Amino acid sequence: MLEISSVQAGYDRTTVLHGVTVSVPKDAVATVLGHNGAGKSTLLRVAMGLLKPKKGAVLLGGEDITRLAPHQRVARGMAYVPQGQQSFPHLTTAENLRLVADGRPDGKEATAEALDLFPVLRELSGRRAGLLSGGQRQQLAIARALITRPRLLLLDEPTEGIQPSVVAEIEETILALTRRGGLSVLLVEQHVGFAMRAAQQYYVLEAGRVTSSGEGGTGAEPTVRAALSV
Amino acid sequence: MTVVLNQSFTGISIGAVLLLIALGLTLTFGQMGVINMAHGEFIMAGAYTTYVLQKSISSAGVSLLVALPLAFLVAGAMGALLEWLLIRRLYTRPLDTLLVTWGVSLMLQQLARDVFGAPNVQTAAPDILTGNISAGSVTFANNRLFILGLALLCVLGLTLILRFTPLGRRIRAVVQNRDLAEVSGIATGQVDRITFFIGSGLAGVAGVALTLVGPIGPTMGTNYIVDAFLVVVVGGIGQLKGAVITAFALGVLQSVLEYSTTVSVAKVVVLVAIVAFLQWRPQGLYTLRTRSLA
């Protein structure tokens, strides 16, 4: 579904990714693990088009999308939940969702489906997103991404900085989504247990290079932990 | 009492003119953060559109009515072109934007001199707007009432667009978090251009209104632009209701002080009051609360 091929990218003169190759199979979950500063979020920014790579290519379903703008990638079936529970703070919860649903023929149904996954958002529909808790904002961010009915979802540390009671709920929803079929996921995660439960494929990133990769599943967890402890 | 009421009305009408000019700036400066020094020249473009129209349409009333939408389109198109040609390349460089748009402002003024001549020109107001209405001992000038109505209509229209339309949601979203808007499927460059079109178009409408109260000249926009920026800053960046309250408050304050002192003293007192207010409340009259920085 997604091929990130020999990507070299960074900010100004600093190179963060040194020839990284990652692939997400169709209807499967691939996870990227690594310490802070390893380049995980940069990799997702390249995949989504927020950062243009200096070298390498990004292919979606075989099509070269390296030069496409992020909104053009969304039109081709990609969705992205960035790090840090981002929202449009002065728009209400409902407006945050309508913004994405506007102009889509299936917008209403897609919104209803997303709200079924996170029912708490219905009760908060009139509240400005900037006044929601971190967990509620993350649920809103995932719901907003799902309204576009993506075939590929990029998730950047979806449970980071969220109260434990909501973490379990978000994890279960993500697992349910990936098991439903028709959705490929590239998951960046620090929480190894959750990542390995969700993923069929893993990559360990260290200082901008893939240092370990293989099949996912809980059986591979010790290998990954060993790779991360180096 | 009569004097107070008359001066208050004069102040409100000054506020209405300020508001009309500042409305466009609440979008381009308040919402997008672009210090567009050529905004005044879009006002001028609106005014000259009225002048040109009146040469071909003899009825002053009809030409005024046609001028309002046409000036919006002319000034809006100029703004969109400026955004596309220059400003979009300078979004992260505010100082360069200020200098470049100032250069554009000078060029547009010279262009107006070359096309229409350096001396000011005048348009005829429709008969219905030349008289007065008296209520008791208070007199309301019809042209001032028209400008007040026009300003309030523009505020209402802009509010409705921003709050209740998909375009309004997109404009607010891009302003609040550009990257997130882009990855949510919004073509942010296109939204920027439309926002600039509307903001500049409103300046054109203000230009039409100004032909009812004064002459048309190449520097007419520059005379108002500083006051309009003050309205936006004091009202709270990007806050429509703040701009409305500030425009009328400044207008009334200016008018009352002018009556009791002189025009120059009134101007100085108003500016000192603004400086003191911004020392106490740098974010302006209105600001929005959030829990997150995102």
Side-chain angles (χ1 to χ4, degrees), chain A residues 44-45 47-51 68-92 94-104 107 127-138 140-141 143-150 153-154 156 161, chain B residues 26-27 30-33 84 88-89 91-93 158-195 235-243 283-284 286-294:
Chain A
L44 288 198
R45 288 176 66 81
M48 199 59 209
L50 287 171
L51 183 66
L68 291 188
H71 73 269
Q72 293 171 312
R73 300 183 192 213
V74 174
R76 281 165 173 74
M78 288 178 76
Y80 173 48
V81 179
Q83 199 174 15
Q85 305 111 37
Q86 290 190 39
S87 65
F88 302 103
H90 300 155
L91 265 58
T92 63
E95 285 176 328
N96 264 270
L97 298 174
R98 281 190 71 184
L99 179 74
V100 188
D102 283 337
R104 288 179 185 277
R127 188 174 297 183
R128 281 213 311 271
L131 300 175
L132 302 180
S133 72
Q136 290 163 344
R137 274 205 311 278
Q138 187 65 309
L140 176 61
R144 201 175 47 231
L146 292 176
I147 289 176
T148 62
R149 294 193 193 274
L153 180 62
L154 310 180
D156 195 351
Chain B
T26 60
L27 280 179
Q31 299 274 346
M32 296 171 73
W84 181 71
R88 73 185 168 117
R89 301 166 208 280
Y91 275 126
T92 52
R93 293 150 61 186
L158 191 56
T159 306
L160 291 177
I161 287 173
L162 285 177
R163 284 185 68 104
F164 299 113
T165 67
L167 172 65
R169 276 192 287 277
R170 286 201 292 273
I171 290 174
R172 287 187 290 150
V174 171
V175 166
Q176 290 170 39
N177 193 331
R178 175 171 294 272
D179 277 358
L180 189 60
E182 183 72 31
V183 300
S184 298
I186 296 169
T188 54
Q190 195 183 53
V191 172
D192 286 339
R193 216 145 303 132
I194 296 172
T195 309
I237 305 285
Q239 295 295 304
L240 266 186
K241 61 184 170 187
Q283 73 275 31
Y286 283 99
T287 180
L288 286 169
R289 289 176 305 129
T290 62
R291 280 170 69 156
S292 68
L293 293 172

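Proteins come first, then strands; the chains are lettered A, B, ... in the order of their sequence lines, and each starts at number 1. No experiment lies behind these values; they were computed from the predicted model shown.
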### Task
Report, as yes or no, whether the 6.0 Å neighbourhood of atom CZ on R169(B) holds more than 12 heavy atoms from other residues, nucleotides or ligands.
yes

### Task
State, to 0.1 Å, how close P89(A) and Q176(B) come at their nearest heavy-atom pair, and which atoms those are.
N-OE1, 3.2 Å

### Query
Given the options N96(A), L99(A), I147(A), which has more heavy-atom pairs under 4.5 Å with chain B than any of the others?
L99(A)

### chain A contacts, top residue of A181(B), G189(B), A173(B) (heavy-atom pairs, under 4.5 Å)
A173(B)

### Query
Are there more than 12 heavy atoms of other residues, nucleotides or ligands under 6.0 Å from atom CD of Q190(B)?
no

### Query
Does the pair R45(A) and D179(B) meet the rule for a side chain to side chain contact (heavy atoms under 4.5 Å, CB included), with working shown?
CA-CA 10 Å; R45(A) 288 176 66 81; D179(B) 277 358; 3.8 Å; yes

### Nearest atoms (heavy-atom pairs only) where E95(A) meets R163(B)
OE2-O, 3.8 Å

### Side chain, backbone, both or neither of L50(A) within contact of chain B (heavy atoms, under 4.5 Å)
side chain

### Summary
Nearest heavy-atom contact between I186(B) and H71(A) is O-CB, 3.5 Å

### Message
Out of T148(A), L91(A), L154(A), return the one with the most heavy atom pairs under 4.5 angstrom to chain B.
### Response
L91(A)

#### Entry: Minimal non-hydrogen separation, F88(A) against N177(B), with atom names
CE2-O, 3.5 Å

### Message
Can a donor-acceptor pair be found, under 3.5 Å and without considering hydrogens, that links the side chain of E182(B) to the backbone of A69(A)?
### Response
no

## Note on the structure
Nearest heavy-atom approach of V183(B) to M48(A) is CG1-CG, 3.7 Å

### Message
What verdict does the side chain to side chain contact (heavy atoms under 4.5 Å, CB included) test give for H90(A) and V175(B), after you've listed the backbone C-alpha separation in whole Å, the side-chain angles of each residue and the deciding distance to 0.1 Å?
### Response
CA-CA 10 Å; H90(A) 300 155; V175(B) 166; over 6 Å; no

